[in-house]
Q: 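This is the structure I want to talk about, given as structure tokens.
Here is how names work: the chains are called A, B, and so on, in the same order as the sequence lines, proteins then strands, and each is numbered from 1. For clarity, every value in this text was computed on a predicted model and none was experimentally measured.
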Amino acid sequence: MKFYNTLHRKKEDFQPLEKGKVTLYTCGPTVYDYAHIGNFRAYIFEDLLRRYLEFSEYDVLQVMNITDIDDKTIRRSIEEKMSLEDFTDKYTSSFFEDVETLKIIPAHHYPRATEFIPQMIETIKQLEDKGFTYTTEDGSVFFKISQFSNYGKLANLNPDQLKSGDRVEDDEYGKEEGRDFALWKGYKPQDGEVKWDSPWGEGRPGWHIECSVMSTYYLSNHFDIHCGGVDNIFPHHENEIAQSCAASGEAFVNYWLHNEHLLVEGQKMSKSMGNFYTLRDLLEKGCSPEALRYTLISTHYRSKLNFTFEKVKASQKCINKLRELKRRLKKIENDGEEKSLNSETEDMLSKFSDQLDDDLNISGALGELFIWVNYLFAELDDNKLDCCSANGALLALKKIDTVLGVVDCATLDVDENIQELIKERELARSDKNWAKADEVRGQLDRLGIILDDTPEGTVWKRKID
RNA sequence: GGCGUCGUACCCAAGCGGUAAGGGAGCGGUCUGCAAAACCGUCAUGCACCAGUUCGAAUCUGGUCGACGCCUCCA
């Protein structure tokens with residue numbers, strides 16, 4: 001298995017620190033609003049990574065942080081006249097609901113920054129003792145980058161050139177150099193009720209320290225993989241490396257994986273452009289969670305993904321095709337016990353994983369999958385598939401879906417009213433009352449349900465747009 | 001200014017020196033009460049452009065054009 005490691009800007013063979021086990025830290029949400037489709041690209045990429053590692057029989061321990069303390073959560077909670085806790089609880093729950101909707105496998109731990117203040121203070125003290133910090137008049141503590149010689153390695157930036165820059169105007173906490181970053185922020189009136197006691201006075205932790213502290217708390221000082229969006233490479237991850245290595249004196253993360261961003265209809269997603277979508281927005285527009293999942297998963301994680309409704313529609317068709325295959329395979333499964341993977345199926349499985357072994361080359365893997373799907377449909381149409389092979393194929397499809405997570409769907413039931421309509425139409429059809437049958441088809445169509453009359457009876461599925 | 005990514009058919013997209021995977025859309029057929037699905041056939045002498053290296057290049061080198069990202073808290 002190979003991954004593109006941002007640290008060395010090349011693909012590298014993946015060797016976990018402990019054989020058969022993977023320690024994985026994935027940057028999570030800042031809970032100040034509903035997560036948008038771009039956020040989910042990152043979480044879906046991380047989910048693909050998690051699922052594929054487990055598919056490859058690694059025992060994965062995954063941690064995802066919940067950032068519930070930063071400028072945005074404080075500002076918005078004050079605007080909403082809510083306590084920080086109530087405010088962030090609301091968006092944390094909505095995040096978990098969305099995770100479930102998208103069938104993202106939950107991380108083993110979701111630490112919240114506010115639950116780790118003592119540990120963060122402890123780490124800052126360690127850094128202070130080792131001479132990596134300085135304190136300013138307002139009770140803020142900064143990390144002194146000039147003390148850390150490896151600074152800039154991940155982002156491939158020259159630290160000396162970070163000294164000057166038009167965008168460095170932020171001297172609000174009185175730091176010595178623009179490039180230094182806050183470990184602890186002294187209390188300011190705009191923080192409202194949000195403050196904790198510390199050896200440097202009241203205040204709150206900086207952003208970067210939370211990930212350093214929470215990742216190493218669960219995964220130890222040195223762990224395998226750390227993921228996030230490309231925008232996190234600098235400064236967030238660069239700063240994490242500096243803090244963590246300076247504090248522990250050990251290596252921090254072996255593999256840094258970053259996902260590219262998402263565009264919507266070719267444009268950067270923004271509220272002013274009117275192309276800013278949360279998961280809820282898209283579900284309301286009729287996109288199914290599986291189609292969104294497929295859309296987000298099916299472009300390689302290091303390429304920009306142009307999110308379009310055309311792509312969601314194409315994704316839904318691919319999923320329908322896989323579900324149709326499953327239905328037809330099940331039909332000849334009959335007595336069910338005997339299974340064998342025929343050579344085509346074995347071939348597909350091995351090519352599928354070969355592709356994903358190459359830095360999660362999902363397009364290549366899906367290509368292999370559909371070659372096999374087409375082969376199976378042709379066999380099924382010719383009645384050439386024995387039940388042994390069909391059972392084997394079903395098994396393979398199930399295995400593939402542990403990675404994709406789009407075929408099986410718990411919410412594929414419709415309300416009773418719709419079931420009644422389908423029965424009504426079945427009756428009309430057996431009476432050859434075609435006018436009535438077509439009327440019902442039209443009725444269901446308006447409800448977003450498509451009917452397929454198959455030799456085994458009528459099946460239905462969700463309309464694509 | 002510094003660092004970096006990308007340009008393959010109508011759309012998406014693999015490919016990493018050996019003669020263009022796969023998906024969607026389209027078109028023509030088979031099947032069907034109608035439809036859908038599925039199946040069969042069709043769909044790039046060419047991979048932004050120009051040179052070069054090579055027996056051989058979408059793949060390597062140089063250049064040109066174009067799109068984009070990061071350079072202090074945005075996944």
Side-chain angles (χ1 to χ4, degrees), chain A residues 6 9 11 26-30 35-46 67 70-72 145 152 155-158 161-162 164-170 175 178-182 206-208 227-236 238-239 258-263 266 268-270 294-295 298-300 302-306 308 310-311 313-318 320-321 323-325 327-328 351 355 358 361-374 376-382 429 432-435 437-438 441-442 445 450-455 458-461:
Chain A
T6 305
R9 310 272 159 172
K11 283 186 200 172
T26 49
C27 271
T30 301
H36 58 69
I37 189 69
N39 298 125
F40 282 111
R41 184 182 194 197
Y43 309 136
I44 291 268
F45 147 62
E46 288 156 358
T67 297
D70 81 323
D71 293 353
K72 287 190 294 281
I145 282 172
N156 197 21
L157 291 169
N158 180 347
Q161 288 171 343
L162 293 172
S164 59
D166 300 337
R167 294 181 60 183
V168 179
E169 59 199 45
D170 181 15
K175 51 182 155 176
R179 58 186 184 158
D180 293 338
F181 60 90
W207 175 39
H208 314 296
C227 302
V230 282
D231 54 298
N232 281 149
I233 296 171
F234 191 86
H236 186 49
E238 193 67 60
N239 291 350
H258 293 97
N259 63 278
E260 249 300 344
H261 277 186
L262 166 148
L263 301 169
K268 193 165 181 171
M269 182 164 57
S270 70
Y294 192 101
T295 303
S298 60
T299 295
H300 186 88
R302 285 192 289 115
S303 301
K304 280 184 200 41
L305 163 59
N306 186 16
T308 62
E310 197 189 348
K311 206 174 261 181
K313 207 169 161 179
S315 297
Q316 184 67 61
K317 289 210 77 157
C318 291
N320 286 351
K321 200 166 177 173
R323 286 180 180 164
E324 175 72 4
L325 176 69
R327 192 184 66 75
R328 288 179 63 180
K351 285 177 171 165
Q355 292 288 353
D358 183 11
N361 184 352
I362 189 72
S363 306
L366 290 173
E368 299 298 342
L369 174 64
F370 277 97
I371 289 169
W372 175 76
V373 169
N374 292 337
L376 283 173
F377 272 126
E379 293 286 297
L380 285 163
D381 268 29
D382 289 349
R429 287 184 75 228
K432 296 201 190 302
N433 183 353
W434 309 128
D438 288 349
R441 182 193 283 287
D445 185 75
I450 295 173
L451 299 178
D452 291 353
D453 298 327
T454 75
T458 301
V459 298
W460 67 273
K461 65 191 168 212

Q: Pick base, sugar-phosphate or nothing for A/Asp382, based on heavy-atom distances below 4.0 Å to the nucleic acid.
A: nothing

Q: Looking only at heavy atoms, which two atoms of A/His300 and A/Ile362 are closest? And how far apart?
A: N-CG2, 4.0 Å

Q: As a test of reading the structure: which of B/rG24, B/rC34, B/rG22 is closest to the side chain of A/Asp438, going by heavy atoms?
A: B/rC34

Q: Using only atom types and a distance under 3.5 Å, with no angle test, would you say the side chain of A/Arg441 pairs donor to acceptor with the backbone of A/Leu451?
A: yes

Q: One pair to check against side-chain contact (heavy atoms from CB on, under 4.5 Å): A/Asp358 and A/Lys11. What are the steps and the verdict?
A: CA-CA 9 Å; A/Asp358 183 11; A/Lys11 283 186 200 172; 2.9 Å; yes

Q: Measure up the A/His208 and A/His236 rings against each other and bin them: parallel (under 30°), tilted (30 to 60°), perpendicular (over 60°).
A: tilted

Q: Just the rounded figure in Å: distance from C1' of B/rA14 to NZ of A/Lys351.
A: 14 Å

Q: On a whole-Å scale, what distance lies between the C1' atoms belonging to B/rU5 and B/rC10?
A: 26 Å

Q: Check whether any side-chain N or O of A/Asn361 sits under 4.0 Å from OP1 or OP2 of B/rG15, and answer yes or no.
A: yes

Q: Measuring to OP1 and OP2 of B/rG23, would you say a side-chain N or O of A/Asn374 lies under 4.0 angstrom away?
A: yes

Q: What does A/Gly38 touch in the nucleic acid at a heavy-atom separation under 4.0 angstrom: a base, only the sugar-phosphate, or nothing?
A: base

Q: Given B/rA38, B/rC34, B/rA75, which nucleotide is nearest the side-chain atoms of A/Asn39?
A: B/rA75

Q: When you match A/Lys321 and A/Leu366 each to their closest nucleotide on RNA chain B, which lands nearer the 5' end?
A: A/Leu366

Q: Ignoring backbone atoms, test whether A/Lys313 places a side-chain nitrogen or oxygen under 4.0 Å from the OP1 or OP2 oxygen of B/rC12.
A: no

Q: Quick check for you: among B/rA75, B/rA36, B/rG22, whose closest atom lies nearest to any side-chain atom of A/Ala42?
A: B/rA75

Q: Please classify the nucleic acid contact of A/Leu263 as base, sugar-phosphate, or nothing, using heavy-atom distances under 4.0 Å.
A: nothing

Q: Please tell me whether A/Asn320 and A/Gln316 have a donor and an acceptor in their side chains that are separated by less than 3.5 angstrom.
A: yes

Q: When you measure from the side chain of A/Lys268, which nucleotide among B/rA75, B/rC70, B/rC3 comes out closest?
A: B/rC70

Q: Round to a whole Å and report the spacing from CG of A/Leu451 to P of B/rA37.
A: 13 Å

Q: Which whole-number value in Å describes the distance from A/Asp381 CG to B/rG29 C1'?
A: 14 Å

Q: Counting heavy atoms from C-beta on, name the nucleotide in B/rA14, B/rA25, B/rC70 closest to the side chain of A/Lys317.
A: B/rA25

Q: Determine which nucleotide pairs with B/rA57, using a 3.5 Å limit on both distances of a Watson-Crick or G-U wobble pair.
A: none

Q: Under the side-chain contact (heavy atoms from CB on, under 4.5 Å) rule, what do A/Thr299 and A/Arg41 come out as? Steps first, then yes or no, please.
A: CA-CA 10 Å; A/Thr299 295; A/Arg41 184 182 194 197; 3.9 Å; yes

Q: Taking only the C1' atom of each, what is the distance from B/rG18 to B/rA35 in whole angstrom?
A: 47 Å

Q: Is A/Trp434 stacked against the base of B/rG33, taking the criterion as centroid distance under 5.5 angstrom and interplanar angle under 30°?
A: yes

Q: For A/His258, which contact category applies under a 4.0 Å heavy-atom criterion: base, sugar-phosphate, or nothing?
A: nothing

Q: Report the nucleotide, chosen from B/rC12, B/rG33, B/rG2, that has the shortest atom-to-atom distance to any side-chain atom of A/Asp453.
A: B/rG33

Q: Is the aromatic ring centre of A/His261 closer than 5.5 Å to the centre of the six-membered base ring of B/rG69, with the two planes inclined by less than 30°?
A: no

Q: Can you measure A/Asn158 atom CG to B/rC70 atom C1' for me and round it to whole angstrom units?
A: 15 Å

Q: Taking the minimum atom-to-atom distance to the side chain of A/Lys304, which one of B/rA38, B/rC68, B/rC34 wins?
A: B/rC68

Q: When both hydrogen-bonding distances must be under 3.5 Å and the geometry is Watson-Crick or G-U wobble, what is B/rG1 paired with, if anything?
A: B/rC71

Q: Which nucleotide sits closest to the side chain of A/Ala378: B/rA36, B/rG23, B/rC39?
A: B/rC39

Q: Treating A/Asp452 as the side-chain partner and A/Thr454 as the backbone partner, does any N or O pair qualify as donor plus acceptor under 3.5 Å?
A: no

Q: Give A/Ile233 one of three labels, base, sugar-phosphate or nothing, depending on what nucleic acid heavy atoms sit under 4.0 Å from its own.
A: nothing

Q: Just to be sure I understand the rule, does A/Phe181 reach a base, reach only the sugar-phosphate, or reach nothing, if contact means heavy atoms closer than 4.0 Å?
A: nothing

Q: Give none if B/rA48 has no partner; otherwise give the nucleotide forming a Watson-Crick or G-U wobble pair with it, both distances under 3.5 Å.
A: B/rU64

Q: Indicate, with a heavy-atom threshold strictly under 4.0 Å, whether A/Arg441 touches base, sugar-phosphate, or nothing.
A: base

Q: Between A/Arg41 and A/Cys318, which is nearer to the 5' end of RNA chain B once each is assigned its nearest nucleotide?
A: A/Cys318

Q: Within the 4.0 Å heavy-atom criterion, would you say A/Gly229 contacts the bases, only the backbone, or no part of the nucleic acid?
A: sugar-phosphate

Q: Scan every strand shown for a Watson-Crick or G-U wobble partner of B/rG22, both distances under 3.5 Å, and answer none if you come up empty.
A: B/rC12

Q: Taking the side chain of A/Lys72 as heavy atoms from C-beta outward, which of B/rC74, B/rG24, B/rG33 is closest to it?
A: B/rC74

Q: With both distances under 3.5 Å as the test, what is the Watson-Crick or G-U wobble partner of B/rU30?
A: B/rA38

Q: Between atom CG in A/Asn259 and atom P in B/rC6, what is the gap in whole Å?
A: 16 Å

Q: B/rC73, OP1 or OP2 - any side-chain N/O from A/Asn232 closer than 4.0 Å?
A: no

Q: From B/rC12, B/rA38, B/rC11, pick the nucleotide closest to the side chain of A/Glu310?
A: B/rC11

Q: Could you check whether A/Asn232 and A/His258, counting side-chain N and O atoms only, form a donor-acceptor pair closer than 3.5 Å?
A: no

Q: With rounding to the closest Å, how many angstrom separate the P atoms on B/rG23 and B/rC68?
A: 32 Å

